[in-house]
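Just so we're on the same page: letters track the sequence lines, and every chain starts at 1.
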There are 2 protein chains.
Amino acid sequence: MSLGHDAALTQLRAFLASAGLPFNSRLPPERELSETLGVARPVLRKALAVLEQEGQIWRHVGKGTFVGSRPLDTHADIAAVARRTNPAEVMRTRLLLEPEVAAQAAVGATPAQIQEMRNCIERSRSTESWRQYESWDNRLHRLVAEATHNELLLALLDTLNAVRRTVTWGRLRPDRASPPPDHHSFTEHEEIVAAIEDRDVQRARDSMRRHLEQVERKLLRPQSS
Amino acid sequence: MSLGHDAALTQLRAFLASAGLPFNSRLPPERELSETLGVARPVLRKALAVLEQEGQIWRHVGKGTFVGSRPLDTHADIAAVARRTNPAEVMRTRLLLEPEVAAQAAVGATPAQIQEMRNCIERSRSTESWRQYESWDNRLHRLVAEATHNELLLALLDTLNAVRRTVTWGRLRPDRASPPPDHHSFTEHEEIVAAIEDRDVQRARDSMRRHLEQVERKLLRPQSS
DNA sequence: CGTTGAACCAATGCGTGATTGGTTATCGCG
DNA sequence: CGCGATAACCAATCACGCATTGGTTCAACG
């Protein structure tokens, strides 16, 4: 019985119409459905592919076939994202976001915020461990984000940072050592804050980008001084 | 041997110092650690509680005890962010992110992804309701994000879109109407995809920015045709 | 040339049992 | 009584194996 795939398609449509399944409900697996409809699996699959193309159903390996439109998988879970990504992607994303964030911070930063940024830099200079340094570094970058006065952007950057902290678990520095006084970030941080203080949008953007490029260089080649 | 809990605490500190465990690494379970240190579990637990209070370690049932600070579960509370932000901020953030996303998509998009983009545009032209149109529009923008091959960036954009949908939940369009055939987004979408297909990074960035600026204009003055 | 049937693959879901931090109870010892 | 050691138990989590499911390949058949 060589039912053409067009015949199988009409038969499948009739089945769905008669079943009257609600949205997001699962319909029988392919093997079972092919037997109920009396068509071979490859033919049934072609018919299902048509319905999927039409947006009437969506399928996923291991889960099944469902009625309605595919729910976009919100990767909001930090740990799940951290598992899929890698340090290189994190840096690419920071380079995409943070220069523009610094630019907008140069527009909206309040004097109090700028003062707090300087405070962070000062304290980061006199830490006794990399761990403390990173704490002040994080706080500085978040202050820049707050200075944009964009709550949504701030939330996105918080998510990014949470992922960053999770994903860089492989890197272990000897916590005994402390950042050297000529650490490149010190002067770079000061350039960024100075640009923000001068309301120099372009310079804020550029200095942040240069800073992150340096960080990226260190990250990919940690042995280079 | 009644070792006071203070003695156990110093012993535990010595153990952690000698072990030199990296951040986010798990240390032995309580039962095992109590045996190696020669102290009873309740006493060890008190010492661990002190370290946890100090922020040096964090614990969770079923997972274990870990070095460092507890990973803050800012699991992107969409609703909370949506309450703090507003449509203008959403558009500012989209304008900050998506042009650069389009640029990177122009670099990494696969032929299959480009074909799928064209498919989205075609289907969005022949929808019968704004709701269906927005569904295809969302899918198109997400395809562009996927084409960057940056899982972290994709997750951030998903969060942004979730917030956007929540924020614009109040304003509903009459769903019986359908997008007019000369809707500005049609040609703009095609420009974006064409630029991506041509691997023209700058043009992809510019066309996406122009598109979003148009969307912003419509959003702020929805009555203007 | 298309259809069929079968086997295989990778991703997912599920159930079972082990592991782990947290809690409670009991006993020993001063 | 007070303090600590020991044990048992609880709930959350994880690790593992196994079945299921969509996706793919391939040989056989008409």
Side-chain angles (χ1 to χ4, degrees), chain A residues 1-12 16 21 24-71 73-75 77-80 82-84 166, chain B residues 1-12 16 21 24-71 73 75 112 116 151:
Chain A
M1 46 194 296
S2 71
L3 292 172
H5 59 279
D6 47 354
L9 179 56
T10 58
Q11 197 170 358
L12 179 57
L16 287 180
L21 299 166
N24 296 359
S25 68
R26 222 188 74 176
L27 51 87
E30 292 183 355
R31 292 162 177 80
E32 190 177 324
L33 196 56
S34 67
E35 191 170 2
T36 350
L37 298 184
V39 299
R41 197 152 87 97
V43 184
L44 171 65
R45 284 183 53 72
K46 285 181 183 174
L48 285 170
V50 174
L51 291 190
E52 187 182 20
Q53 202 66 16
E54 291 176 356
Q56 300 199 19
I57 62 173
W58 64 274
R59 303 184 278 172
H60 195 320
V61 191
K63 297 174 96 150
T65 307
F66 299 84
V67 186
S69 58
R70 164 180 283 103
D73 45 347
T74 165
H75 294 167
D77 185 7
I78 307 292
R83 240 175 286 127
R84 287 196 196 81
T166 308
Chain B
M1 45 194 298
S2 72
L3 292 172
H5 60 278
D6 47 353
L9 179 56
T10 58
Q11 198 170 358
L12 179 56
L16 287 181
L21 300 165
N24 295 3
S25 69
R26 222 187 73 177
L27 50 87
E30 293 182 354
R31 292 163 177 80
E32 189 178 324
L33 196 57
S34 68
E35 191 170 1
T36 50
L37 296 185
V39 298
R41 198 151 85 96
V43 185
L44 172 64
R45 283 183 54 72
K46 286 181 183 175
L48 286 171
V50 174
L51 291 190
E52 188 180 20
Q53 200 66 17
E54 291 176 355
Q56 300 200 20
I57 61 173
W58 64 275
R59 301 185 277 173
H60 193 346
V61 191
K63 298 174 92 154
T65 307
F66 299 83
V67 186
S69 56
R70 165 178 281 101
D73 53 342
H75 58 78
E116 192 64 19
E151 292 285 339

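- When rounded to the nearest whole Å, the span between NE2 of His60(A) and C1' of dG13(C) equals 12 Å.
- For Lys46(A) and dT3(C), the shortest distance from a side-chain N or O to OP1 or OP2 is below 4.0 Å.
- Atom CD of Glu35(B) has 12 or fewer neighbouring heavy atoms from other residues, nucleotides or ligands inside a 6.0 Å radius.
- One can place CD of Glu35(A) at 16 Å from C1' of dT21(D), the figure rounded to the nearest angstrom.
- Nucleotide dT20(C) holds its P atom 10 Å from the CZ atom of Phe66(B), rounded to whole Å.
- Of the options Thr65(B), Leu27(B), Leu51(B), a side chain to side chain contact (heavy atoms under 4.5 Å, CB included) to Arg59(B) is made by Thr65(B) and by none of the others.
- Within 6.0 Å of CD in Gln53(B) there are 12 or fewer heavy atoms belonging to other residues, nucleotides or ligands.
- When the nucleotides dT3(C), dG22(C), dG23(D) are ranked by their closest atom to the side chain of Val61(A), dG23(D) comes out on top.
- The side chain of Arg59(A) places no N or O atom within less than 4.0 Å of a non-bridging phosphate oxygen (OP1 or OP2) of dT21(D).
- Taking CG from Leu48(B) and CD1 from Ile57(B), the interatomic distance works out to 4.5 Å, rounded to the nearest 0.5 Å.
- For a distance-only test at 3.5 Å, the side chain of Arg31(A) fails to qualify as a donor-acceptor partner of the base of dG5(C).
- Atom pair Glu32(B):CD and dG21(C):P shows a separation of 10 Å (rounding to whole Å applied).
- Atom CG in Leu51(A) sits about 15 Å away from atom C1' in dG22(D), given to the nearest Å.
- With rounding to whole Å, Arg45(B) atom CZ is found 15 Å from dG4(D) atom P.
- Heavy atoms of Pro42(B) sit under 4.0 angstrom from at least one base atom.
- Annotation: of the two residues near DNA chain D, Arg41(A) and Gly62(B), the 5′-most nearest-nucleotide partner is Gly62(B).
- Across the protein-nucleic acid pair, Leu44(A) atom CG and dG22(D) atom P stand 9 Å apart, rounded to whole Å.
- Residue Ala40(A) places its side chain closer to dT4(C) than to any other of dT4(C), dG21(C), dA10(C).
- Listed pair Thr65(B) / dT20(C) fails the phosphate criterion, with no side-chain N or O lying under 4.0 Å from OP1 or OP2.
- Per the geometry, CD belonging to Glu30(A) stands 10 Å off P belonging to dT24(D), to the nearest Å.
- To the nearest 0.5 Å, atoms OG1 (Thr36(B)) and CG (Leu44(B)) are separated by 8.0 Å.
- Side-chain proximity of Pro29(A) to dA5(D), dT21(D), dG4(D): nearest is dT21(D).
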